Student: 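Take this structure first; my questions come after.
Nothing here was measured: the structure is a model prediction, and the numbers come from that model. Values below: every heavy atom of this structure, side chains too, minus hydrogens, waters and symmetry copies.
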Amino acid sequence: MEQMKPKKRRGTVWRRLKKSKTAMLGLGIIAVIVFMAVFADLVAPYPYDIPDATAIFQYPSWEHIMGTDDFGRDIFSRVIYGARVSLVIALMSVTISIACGVTLGVTAAYFGGSYETVIMRLLDGFMAIPSLLLAISISSALGNGQLQTAIAIAISNIPTFARVSRASVITVKETEYVEAARSIGARNGRIILKHILPNALSPIFVQATLSIVNAILTIAMLSFIGLGIEPPTPEWGSMLSLGRAYIRDFWPIVTFPGVMIMVTVISFNMLGDGLRDALDPRLKQ
């Protein structure tokens, strides 16, 4: 099995990804959402936390394109800042999950033996608990806040990344270039970082994209039940929770945060599906 150069691999993946219209559409929508989140201070027309008693429950108009909530705050501005909060927490949680899960999975697959058995049985114990229930339990123990929510979601996702990375490394560690590195006396750390991990990243990248989807949904759920982000900080789930009392009388207060969750999740799913197909080694280059 020939080891493909990183630049050639990236170029091949990008060419395949560009052929998928749904993946490129998802990537475009994600780019817009990320842009608005990063530059929320410039994009948002109003402060997200300043109430206006003269503008309560206004329907969408040129002045407030998504209307205003029960405190007179601009919903569009709060949705944009909510994107920043949700994406930051999602990226934090996925980064922690990758760092811990991939380390455990790669080392377990490479060294094997009793170490692998102990690690995988411990992770099986975590996976026996539903990830959502585990996230709720950890969030209840840690309290509210962005970092606490990210840690709660990350811990529940570590076993998934560990199993994915382990399965990927098992298929790579017996290849010719790894055996050649061993034969010349390369250290285990160098073999893992230089030869095994770069060629085992494809399923990890796909899992990371899909895990962002799960993280966004979990963040919204935790905030909805009061365990994630506390008001007045805008977060899509907490906005739904605060607006549910008015759902029958004033539809904009819950519709736009819900639509943003739906659009973001669908976009990441489309990108994840396209990335999975682009990284599939069985496809012709």
Student: Counting distance only, does the side-chain N/O of T209 pair as donor-acceptor with the main-chain N or O of F205 below 3.5 Å?
Tutor: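 Pair found, side chain donor or acceptor close to backbone of F205.
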Student: Strictly distance-based, threshold 3.5 Å: is any side-chain N or O of T233 a donor or acceptor partner for the main-chain N or O of I229?
Tutor: no
Student: Given 3.5 Å as the limit, does a donor-acceptor pair link the side chain of W236 with the main chain of V79, or not?
Tutor: yes
Student: Strictly by modelled atom types, are S86 and E235 linked by a side-chain donor-acceptor pair under 3.5 Å?
Tutor: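 Yes, because at least one side-chain N or O of S86 sits under 3.5 Å from a partner of the opposite role on E235.
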Student: More than 12 heavy atoms of other residues, nucleotides or ligands under 6.0 Å from CZ of F126: yes or no?
Tutor: no
Student: Hey, does the side chain of R84 reach the backbone of V38 with a donor-acceptor pair shorter than 3.5 angstrom?
Tutor: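 Confirmed, R84 side chain pairs with V38 backbone.
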Student: Within the supplied structure, the quantity of interest is the number of heavy atoms (other residues, nucleotides, ligands) at a distance under 6.0 Å from R248 CZ; does it exceed 12?
Tutor: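 No, because the 6.0 Å sphere around CZ of R248 holds 12 heavy atoms or fewer from other groups.
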Student: Working to the nearest 0.5 Å, report the span between OG of S20 and CG of L27.
Tutor: 10.5 Å
Student: For the side chain of S238 and the backbone of P234, is there at least one donor-acceptor N/O pair under 3.5 Å apart?
Tutor: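 A pair under 3.5 Å: no.
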Student: Between the main-chain N or O of A109 and the side-chain N or O of R166, is there a donor-acceptor pair closer than 3.5 Å?
Tutor: no
Student: Any sub-3.5 Å donor-acceptor pair from S165's side-chain atoms to A162's backbone N or O?
Tutor: yes
Student: Would a 4.5 Å heavy-atom cut-off, applied to side chains only, mark M221 and I136 as touching?
Tutor: yes
Student: Are the side chain of S131 and the backbone of S156 linked by a donor-acceptor contact shorter than 3.5 Å?
Tutor: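 Looks like no, no N/O pair under 3.5 Å.
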Student: Within the side chain of S139, is there an N or O that forms a donor-acceptor pair under 3.5 Å with the backbone of L227?
Tutor: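 Between the backbone of L227 and the side chain of S139 there is a qualifying donor-acceptor contact (under 3.5 Å).
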Student: Give a yes or no on whether I247 atom CD1 has more than 12 heavy-atom contacts from other residues, nucleotides or ligands under 6.0 Å away.
Tutor: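 No, the 6.0 Å shell around CD1 holds no more than 12 heavy atoms from other groups.
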Student: Would you call the rings of Y115 and F111 parallel, tilted or perpendicular, taking 30° and 60° as the class edges?
Tutor: perpendicular
Student: After noting the C-alpha distance and the side-chain angles of H64 and Y59, does the key distance pass the ring pair (Phe, Tyr, Trp, His ring centres under 6.0 Å) rule?
Tutor: CA-CA 8 Å; H64 300 281; Y59 282 92; over 10 Å; no
Student: At what distance, to the nearest 0.5 angstrom, does CE of M66 lie from CD1 of I253?
Tutor: 13.5 Å
Student: Counting only N and O atoms by type, is there a donor-acceptor contact under 3.5 Å from the side chain of S223 to the main-chain atoms of A220?
Tutor: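 Flag not set: sc S223 to bb A220 has no pair under 3.5 Å.
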Student: Taking the six-membered ring of F224 (Phe, Tyr or Trp), confirm whether the NZ or CZ of R244 is under 6.0 Å from its centre and within 45° of its axis.
Tutor: yes
Student: Report yes or no: do Y81 and D41 form a side-chain donor-acceptor pair below 3.5 Å?
Tutor: yes
Student: Do you know which of W251, Y246, F71 makes ring-ring contact (aromatic ring centres under 6.0 Å, His included) with F57?
Tutor: Y246
